[in-house]
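Start at 1 with the first residue, then count along the sequence.
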Amino acid sequence: MLTPEELSALYLSAKIALVATLMSLPFALLLAWVLARYQFRGKFIVEAALQLPMVLPPVVLGYLLLVAFGTQGFIGQYLQQWFSIQLAFNWKGAVLASIIMAFPLMVQPIKLAFQMVDHRLEQAAATLGAKPWQVFLTISLPLASSGILIGSILCFSRSLGEFGATMTFVGNIPGETRTIPLAIYSFIQQPGGETAAARLVVLSMLLAFAALLANYWITQRYQQKIGYLSRAQL
């Protein structure tokens, strides 16, 4: 059985990952659609910036977040003064760190899904009088639903495992910012905490394995659907 401290870390991790996924989704859909459908000057810069969190050390991103959104940061000080929003050393800051770290993993599958949507279906809907937003909602979005689900699962899973940027930006505060990875780190540092750390490690592995299974199942279903459509066209 998990102790109250371990349950708190599990609940906090799930809450942060869920909020990060829900907040990332609208922006990921917009960016993925633009990257999949349009060619514009500087597109490679946007794509490079999108992948930057994947190659930078997480501690570097955590430090940059602290500089920008800390209580004395050039953005954070105004958020606190004008809106009473504090991100540093707060679970909301952990959400922001998770969004930045997991956002590229969400965008890429959605982008690929949009690229695989048959343009002829969208053009047919447009010729029948559908407005662009109607084409997007009734044709493009449903056909890209598999990529959206995969991206959401990857974002949620990456947020559950976020450590470096979270540790640097919001610290390791029990009940406030101590997620499962931070709790494992804390238990390892404590005498006799190996058992609790092992329980959380096993739980993390089970959650990650479940996410991979869901990702595999959705991918297989999507590939079967594509194969069926291709045979139908022939």
For [X] and [Y], indicate whether the former's side chain and the latter's backbone hold a donor-acceptor pair under 3.5 Å.
X      : Y      : result
Ser8   : Pro4   : no
Thr127 : Ala124 : yes
Ser157 : Ala208 : no
Glu162 : Ala165 : yes
Lys111 : Leu35  : no

Ignoring hydrogens, what is the shortest heavy-atom contact between [X] and [Y]? Give both atom names and the distance.
X      : Y      : value
Val107 : Ala32  : O-CB, 3.9 Å
Gly62  : Thr168 : C-CG2, 3.7 Å
Pro109 : Gly147 : CB-O, 3.7 Å
Leu160 : Ser13  : CD2-O, 3.5 Å
Thr177 : Gly171 : OG1-O, 3.0 Å
Ala183 : Leu200 : CB-CD1, 3.7 Å

Are [X] and [Y] grouped together when hydrophobic residues (ILVMFWY) are joined by side-chain heavy atoms under 4.5 angstrom apart?
X      : Y      : result
Val46  : Leu50  : yes
Phe27  : Leu25  : yes
Ile139 : Tyr38  : no
Phe156 : Leu203 : yes
Tyr216 : Ile153 : no

[Y] side chain reached by [X] side chain, heavy atoms, under 4.5 Å:
X      : Y      : value
Met205 : Phe209 : no
Arg158 : Met106 : no
Met54  : Met101 : no

Residues in side chain to side chain donor-acceptor pair (under 3.5 Å) contact with Glu122, at least two apart in sequence or another chain:
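Counting only residues at least two positions away or on another chain, Glu122 forms a side chain to side chain donor-acceptor pair (under 3.5 Å) with Arg37, Ser140.
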Any chance you could measure [X], atom [atom1], to [Y], atom [atom2], to the nearest 0.5 Å?
X      : Y      : atom1 : atom2 : result
Leu29  : Leu141 : CG    : CG    : 6.0 Å
Ile173 : Trp91  : CD1   : CH2   : 14.0 Å
Ile184 : Gln189 : CD1   : CD    : 12.5 Å
Leu10  : Thr179 : CG    : OG1   : 10.5 Å
Leu105 : Ile110 : CG    : CD1   : 11.0 Å
Ser159 : Ile100 : OG    : CD1   : 11.5 Å

Would you please name every residue forming a side-chain contact (heavy atoms from CB on, under 4.5 Å) with Phe44, sequence neighbours left out?
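So Phe44 forms no side-chain contact (heavy atoms from CB on, under 4.5 Å) with any residue.
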Look at atom CZ of Phe136 and say whether more than 12 heavy atoms of other residues, nucleotides or ligands are closer to it than 6.0 Å.
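Yes.
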Counting only heavy atoms not in Phe40, do more than 12 fall under 6.0 Å of its CZ?
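Counting other residues, nucleotides and ligands, CZ of Phe40 exceeds 12 neighbours.
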Is there a side chain to side chain contact (heavy atoms under 4.5 Å, CB included) between Phe69 and Leu79 once you walk through the steps?
CA-CA 8 Å; Phe69 294 96; Leu79 288 176; 4.0 Å; yes
Consider side chain to side chain contact (heavy atoms under 4.5 Å, CB included). Of Ile16, Leu87, Val170, Val19, which one does Leu96 pass it with?
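Only match with Leu96 under side chain to side chain contact (heavy atoms under 4.5 Å, CB included): Leu87.
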Could you tell me if Ser186 and Asn172 have a donor-acceptor pair between their side chains, going purely by distance under 3.5 Å?
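A pair is found: one side chain offers a donor N or O, the other an acceptor, under 3.5 Å apart.
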Check against side chain to side chain contact (heavy atoms under 4.5 Å, CB included), Leu137 and Gln134:
CA-CA 5 Å; Leu137 291 178; Gln134 291 175 321; 5.9 Å; no
Show the numbers, then the answer: is there a side chain to side chain contact (heavy atoms under 4.5 Å, CB included) between Gln86 and Lys92?
CA-CA 8 Å; Gln86 180 179 342; Lys92 300 180 185 68; over 6 Å; no
Stepwise, does the side chain to side chain contact (heavy atoms under 4.5 Å, CB included) test hold for Ile180 with Glu6?
CA-CA 8 Å; Ile180 290 179; Glu6 295 165 9; over 6 Å; no
Would you call the rings of Trp33 and Phe114 parallel, tilted or perpendicular, where under 30° means parallel and over 60° means perpendicular?
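Rings of Trp33 and Phe114: perpendicular, over 60°.
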What residues form a salt bridge (charged side-chain N to carboxylate O under 4.0 Å, His left out) with Glu176, not counting sequence neighbours?
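Salt bridge (charged side-chain N to carboxylate O under 4.0 Å, His left out) list for Glu176, sorted by chain: empty.
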Salt bridge present between Arg199 and Glu194 (N-O < 4.0 angstrom)
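A salt bridge is absent here (no side-chain N lies under 4.0 Å from a carboxylate O).
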